[in-house]
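Whatever order the structure lists them in is the order used to number ligands and atoms, beginning at 1.
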Amino acid sequence: MKLETKCIQAGYEPKNGESRMIPIIQSTTFKYDTGEDMGKLFDLEASGYFYTRLQNPTNDMVAAKITALEGGTAGMLTSSGQAANFYAVFNLAGCGDHVVASTAIYGGTFNLFSVTMKRMGIEFTFVDPDCSDEELEAAFKENTKCVFGETIANPALTVFDIERFAKAAHDHGVPLIIDNTFATPVNCRPFEWGADIVTHSTTKYMDGHDATVGGAIIDSGRFDWMAHKDKFPGLTTPDDSYHGVTYAERFGNEGAFITKATAQLMRDFGSIPSPMNAYLLNLGLESLAVRMQRHCENGQKAAEFLESDPHVAWINYPGLPSSRYYERAKKYMPNGTCGVISFGVKGGRKAAETFMSHLKVAMIATHVADAHTCVLHPASTTHRQMNDEELAAAGVSPDLVRLSVGIENIDDIIEDLKQALKATE
Ligand SMILES: *Cc1c(COP(=O)(O)O)cnc(C)c1O
């Protein structure tokens, strides 16, 4: 199946007389004929469902669709993108371990790593995604367990050199985790460039309609855990909390990572989406390929307009030849990047606020990447926990306006931008 077909059909194949849409199995629990049948599930000897905190059929169908879109071997849904990134990293790194992460990442992920996971005893070294080879090399330590970056950083719009970072990670015997939220598998499939694990905030383009918060983790199935046995004891030695199962032996490279994340982390932290939310996410996924095409078309036209407008101080959109990431975006995302643009309004922070208050089509919202055009001033909202130095490292200047171009008629969007920019004179 091609990607557009997978958006509609992957993950669920109705049998004769079954529902055309994925069924919503809105049940916390599942019934068995004997205690022994159920015991096998607890021992991970048989696969099946017993309690929705661990797994649910509706959630699994949607996870299977995203896994197919990314070209992975196993996947799981989480109740948010935050949970997805937490699980993906914590599945590999614990107290006393170290992680290399890009500085250009989502503000929430930066807080998760630099504050909350640091309190758990995990050390993070943040590197500029465009750092020198020497700087990248120096970031790794004996106890490094993974490398983390975003395909297109939110909100800096830095395009990550996946191939380069995958090579560096593999040279040090650790996997590369890529948050592919902004690009979506429609525009970039990080596994094709060497990434090992992909995460998503499905809240963004995948849902696409402001309806459900959610996340996903997908495994490429290619990282050889047993070849790095000492680095990843959680995957390569028996898990006492699960009847002594050794995940990498029992489930192979294809299934070990996701099985461990489900059996341990979902069991203990419980960030499971409701089956109803998974169903809504699936509706979004069905039109993802068509919507991404329109987001990119509209994004390109809006970016070209902004670049030509005299009220705009600077603009960053990887689809513009003036962007320092234009060539890299062409390599990793030949069909377009996303609908998110960042730019500065002449007159700094105050002009940015005036501009935003005059918008009529674009809405002010702490959200990006869905059908509705919206704007945000990150320095005073999503990134307000950061000091100026951290803001600069994350690529967020005080005058930065993040514009997420929706799928409305582009003429309405441009006319709106034009009149609101004029108001800043
Ligand atoms: C929004 C976002 C997240 C967090 O996802 P939630 O679904 O809001 O928890 C993580 N990464 C990126 C790139 C995001 O844009």
Side-chain angles (χ1 to χ4, degrees), residues 59 62-63 66 70 76-90 101-117 124 126 129 148-160 162 177-188 190 195 197-218 265 269-274 277-278 280-281 284-285 288 292 295 299 318 332-333 337-342 365-370 372 374-376 378 381-383 385-386 394-396 400 402-405:
N59 295 355
V62 181
I66 301 173
E70 288 287 3
M76 67 195 283
L77 297 188
T78 56
S79 56
S80 67
Q82 287 298 101
N85 282 329
F86 171 57
Y87 282 20
V89 174
F90 198 63
S102 165
T103 49
I105 53 176
Y106 175 64
T109 311
F110 182 78
N111 280 328
L112 170 69
F113 290 172
S114 64
V115 180
T116 302
M117 291 183 79
F124 287 82
F126 294 95
F148 184 96
E150 288 179 17
T151 313
I152 309 173
N154 174 13
L157 302 178
T158 310
V159 177
F160 198 64
I162 301 173
I177 302 174
I178 292 288
D179 181 333
N180 197 32
T181 297
F182 267 22
T184 84
V186 172
N187 285 338
C188 180
I197 315 276
V198 159
T199 61
H200 282 281
S201 165
T202 62
T203 316
K204 312 294 162 54
Y205 288 120
M206 283 191 168
D207 165 76
H209 298 83
D210 277 349
T212 56
V213 172
I217 310 172
I218 313 298
L265 305 184
F269 294 118
S271 321
I272 198 81
S274 86
N277 275 8
L280 291 171
L281 168 58
L285 290 170
L288 183 66
M292 284 314 288
H295 278 293
Y332 289 106
M333 292 164 275
T337 52
C338 64
V340 185
I341 299 167
S342 60
T366 317
H367 194 50
V368 274
D370 72 81
H372 313 84
C374 51
V375 284
L376 180 75
T381 54
T382 48
H383 284 58
Q385 277 87 357
M386 291 187 173
V396 181
L400 185 151
R402 186 181 68 181
L403 171 69
S404 175
V405 183

Report summary line: The atoms of ligand 1 lying under 4.0 Å from a heavy atom of N154, numbered in the order shown, are 14 (C), 15 (O)
Query raised in the report: Do F148 and F124 touch side chain to side chain, with heavy atoms closer than 4.5 Å?
Result: no
Query raised in the report: Side chains of S271 and Y87: donor-acceptor distance under 3.5 Å anywhere?
Result: yes
Report task. With heavy atoms under 4.0 Å as the rule, classify the contact between N85 and ligand 1 as side chain, backbone, both or neither. Result -> side chain
Report task. Could you list which atoms of ligand 1 come closer than 4.0 Å to a heavy atom of T203? Result -> 6 (P), 7 (O)
**Report entry** Close-contact set for ligand 1 against Q82 heavy atoms, below 4.0 Å
**Finding:** 4 (C), 5 (O), 6 (P), 9 (O)
Query raised in the report: When the ring centroid of Y332 is compared with that of F160, is the distance short of 6.0 Å?
Result: no
Query raised in the report: What's the shortest distance from atom 6 (P) of ligand 1 to any protein heavy atom, and which residue and atom give it?
Result: G81 N, 3.3 Å
**Report entry** Validation row: P185, H200 side chains within 4.5 angstrom (heavy atoms)
**Finding:** yes
Report summary line: ligand 1 to T181, heavy atom cutoff 4.0 Å, flagged ligand atoms 12 (C), 13 (C), 15 (O)
Query raised in the report: Is there side-chain contact between I66 and L285, with at least one heavy-atom pair below 4.5 Å?
Result: yes
Query - Closest protein heavy atom (residue, atom, distance) for atom 15 (O) of ligand 1 - result: K204 NZ, 2.6 Å
Report task. To the nearest 0.5 Å, tell me how far S342 OG sits from L376 CG. Result -> 11.5 Å
Query raised in the report: Do T109 and Q82 have side-chain heavy atoms sitting under 4.5 Å apart?
Result: yes
Query raised in the report: Is there a heavy atom of A84 sitting under 4.0 angstrom from any atom of ligand 1?
Result: no
Report task. For the residue pair D207 and H209, confirm or rule out a side-chain donor-acceptor distance under 3.5 Å. Result -> no
Report task. Just jot down the ligand 1 atoms closer than 4.0 angstrom to any heavy atom of G214, in number order. Result -> 7 (O)
Query raised in the report: For atom 5 (O) of ligand 1, which protein heavy atom lies nearest, and how many Å away is it?
Result: S201 OG, 3.0 Å
Report summary line: Looking only at non-hydrogen atoms, the one of T199, D179, V368 nearest atom 13 (C) of ligand 1 is D179
Requested in this report: Would you check the N or O atoms of E150, main chain and side chain alike, for any that come under 3.5 Å of an N or O of ligand 1?
Outcome: no
